[in-house]
Amino acid sequence: MSSGVAELQAIAHRVMLERDLLPDFSAAAQRELEGLRAPAAAPALRDLRALAWSSIDNDDSRDLDQIEVAERSGDAVRVRVGIADVDALVAAGSAIDAHARHNTTSVYTAAQIFPMLPERLSTDLTSLNPHQDRVALVIEFDVQPDGSIGRSDIYRALVRNQAQLAYAAVAVGLEGHGPLPAPAGAPASLAEQLRLQDAVAQCLRKVRQAHGALSLESLEARPVFADGALADLRTEARNRAQDLIEDFMIAANGVTAQFLAKRGLPVLRRVLRTPKRWGRIVALAADHGERLPASPDARALNAFLVQRRVADPVRFADLSLAVIKLLGRGEYDASLPGEQSPGHFALAVPDYAHSTAPNRRFPDLITQRLLKAALDGRGQPYDAATLQGLAAHCTTQEDNAAHVERQVRKSAAALLLAPRIGARFDALVTGVNDSGTWVRISHPTVEGKLLRGFEHLDVGDAVRVQLLHTDVQRGFIDFARSSGDRA
């Protein structure tokens, strides 16, 4: 049986089509791309190229959506987040826009990336690449000493990324395990700049946690290939550099939603409603000797999570996964002027609009167009009915993309596990619904279906399972409850 990347790429292409996602760009989109010769230029904009901007992303990221810089401003710290002006080159109604509007997101599979925009755009012409002049939307906000956000503004500007950095290298320095990175051409003050950003991000996080933002942890399994064959699925725990960027993006997205709402404009918000399976979350806490209130309470849930992280850090990721599953999925919601948003339960923020990744997510490009129309005093690019339809479509396609990523990841896992039929593993129940009961094992981190012995199990239960069967093409991994069940 082949264990190469080519087999997984073929599976990814097939599953994209099955889930109503376009794996390839149309001939019309390719012709449009050929006509784009250079990055967008706007010499009359505010010139912020001299600031010590930097980007922090995965070490293999090439589509750089945002850059950051911070500086002291009296007692506060002024944070600027520069967002790639994708709309400047991707016209609404164009063939490239039609592809992005259909898929709504880049799809990151274990074998291949299916970008929302052609790579020449997302990794070059609209990417905030180091040492290149780019037009950007700048989201600016002042963080007060107590972590609250004071004055804020959004405007267009010319920017220049002074240093492209990777999460792992920055985390080493921020966590005290080594020096901070100093790439060629980076400003001499980069280390001081990163420490200031980290300090501000931690203040922002403390405020959100005080309001009930959940301290969750997820393990991402990434494929490792050797000589064209899948060799492993390795998990990577979150680090402090990722937290820094997450905190800045949450703040920037909140400022964006408030900017539009204060001007009486529609907002395409990202929401996570109050969890319907709160009762099961209460039961999970009781299994650990803790008591949660009968009604959903984010602050109480976060206090429980913080306590469990300290008490049992090894198994905290398993508990986090169970809670994430029980919280339900996020979705997009078009809030019209005067309408109240359901907010985001896990982030503990009432105002949140995806705006910081327009190369990768269509909702962010929609928000960018709304912002630019507001800044230019033009009519809004989307009427209420269109925006509501797009919110539903983006939610559906995001779910489809997640299904593709999950199925290809399971196909990759099936390749790894095929020689281990009959092996036994410790597992965690991650899903119980009409389609079956699902469990996750570690080493490698893989999710599969429990075909036998699933009676009376629920999300968060620990079980011992035996591998029965794998199907690489369909991404099926089947388990049975083992007679050596430790639950």
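Here, residue 1 is the first one in the sequence, and each next residue gets the next number.
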Exercise: do [X] and [Y] side chains pair donor with acceptor under 3.5 Å:
{"X": "T105", "Y": "Q397", "result": "no"}
{"X": "S355", "Y": "N253", "result": "yes"}
{"X": "E447", "Y": "T430", "result": "yes"}

Subject >> Intermediate values then yes/no, side-chain contact (heavy atoms from CB on, under 4.5 Å), W438 and V429 >> reply: CA-CA 6 Å; W438 306 89; V429 178; over 6 Å; no
**OP:** Could you please spell out the steps behind the side-chain contact (heavy atoms from CB on, under 4.5 Å) verdict for E331 and V271?
**Re:** CA-CA 6 Å; E331 59 188 286; V271 304; 3.5 Å; yes
Assess whether a salt bridge exists between [X] and [Y], defined as any Lys/Arg side-chain N lying under 4.0 Å from an Asp/Glu carboxylate O.
{"X": "E18", "Y": "R14", "answer": "yes"}
{"X": "R269", "Y": "E339", "answer": "no"}
{"X": "R361", "Y": "E398", "answer": "no"}

Kindly say whether [Y] contributes a backbone atom to a donor-acceptor pair with the side chain of [X] at under 3.5 angstrom?
{"X": "Q368", "Y": "A84", "answer": "yes"}
{"X": "Q466", "Y": "S482", "answer": "no"}
{"X": "D351", "Y": "Q258", "answer": "no"}
{"X": "D59", "Y": "A168", "answer": "no"}
{"X": "N58", "Y": "D60", "answer": "no"}
{"X": "N161", "Y": "A163", "answer": "yes"}
{"X": "H102", "Y": "D20", "answer": "yes"}
{"X": "S148", "Y": "Q144", "answer": "no"}
{"X": "N103", "Y": "L22", "answer": "yes"}
{"X": "W278", "Y": "P293", "answer": "yes"}

Calculate, to the nearest 0.5 Å, the distance between atoms [atom1] and [atom2] belonging to [X] and [Y] respectively.
{"X": "L301", "Y": "L214", "atom1": "CG", "atom2": "CG", "answer": "5.0 Å"}
{"X": "M249", "Y": "Y352", "atom1": "CE", "atom2": "OH", "answer": "9.5 Å"}
{"X": "R308", "Y": "F316", "atom1": "CZ", "atom2": "CZ", "answer": "9.5 Å"}
{"X": "H469", "Y": "L417", "atom1": "NE2", "atom2": "CG", "answer": "12.5 Å"}
{"X": "H288", "Y": "E290", "atom1": "NE2", "atom2": "CD", "answer": "9.5 Å"}
{"X": "I11", "Y": "T109", "atom1": "CD1", "atom2": "OG1", "answer": "10.0 Å"}

For atom [atom1] of [X], is the number of surrounding heavy atoms from other residues, nucleotides or ligands below 6.0 Å larger than 12?
{"X": "R452", "atom1": "CZ", "result": "no"}
{"X": "E192", "atom1": "CD", "result": "no"}
{"X": "E455", "atom1": "CD", "result": "yes"}

Side-chain contact, heavy-atom cut-off 4.5 Å: [X] with [Y]?
{"X": "I56", "Y": "L194", "result": "yes"}
{"X": "R464", "Y": "R481", "result": "no"}
{"X": "V79", "Y": "E68", "result": "no"}
{"X": "S295", "Y": "T274", "result": "no"}
{"X": "V107", "Y": "E405", "result": "yes"}
{"X": "V172", "Y": "N239", "result": "no"}
{"X": "L390", "Y": "F362", "result": "yes"}
{"X": "K325", "Y": "R277", "result": "no"}

Which pair of heavy atoms, one from [X] and one from [Y], lies closest together, and at what distance?
{"X": "A414", "Y": "I477", "value": "N-CD1, 3.9 Å"}
{"X": "P181", "Y": "L165", "value": "CG-CD2, 4.0 Å"}
{"X": "L428", "Y": "L321", "value": "CD2-CD2, 4.3 Å"}
{"X": "T367", "Y": "L268", "value": "OG1-O, 4.2 Å"}
{"X": "S55", "Y": "I67", "value": "CB-CG2, 3.8 Å"}
{"X": "A412", "Y": "A110", "value": "CB-CB, 4.2 Å"}

Subject >> D247 and its side chain to side chain donor-acceptor pair (under 3.5 Å) partner, picked from K206, Q242, Q202, R205 >> reply: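 Going through the options one by one, the only one that passes is R205.
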**OP:** Give the intermediate values and the outcome of side-chain contact (heavy atoms from CB on, under 4.5 Å) for residues R329 and T395.
**Re:** CA-CA 9 Å; R329 64 185 177 93; T395 298; 2.8 Å; yes
Subject >> Residue pair F114, Q112: steps toward the side-chain contact (heavy atoms from CB on, under 4.5 Å) verdict >> reply: CA-CA 6 Å; F114 298 90; Q112 182 179 352; 3.7 Å; yes
**OP:** Applying salt bridge (charged side-chain N to carboxylate O under 4.0 Å, His left out), name anything that partners R280, two or more places apart in sequence or on another chain.
**Re:**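 Checked R280 against salt bridge (charged side-chain N to carboxylate O under 4.0 Å, His left out); matches are D458, D461.
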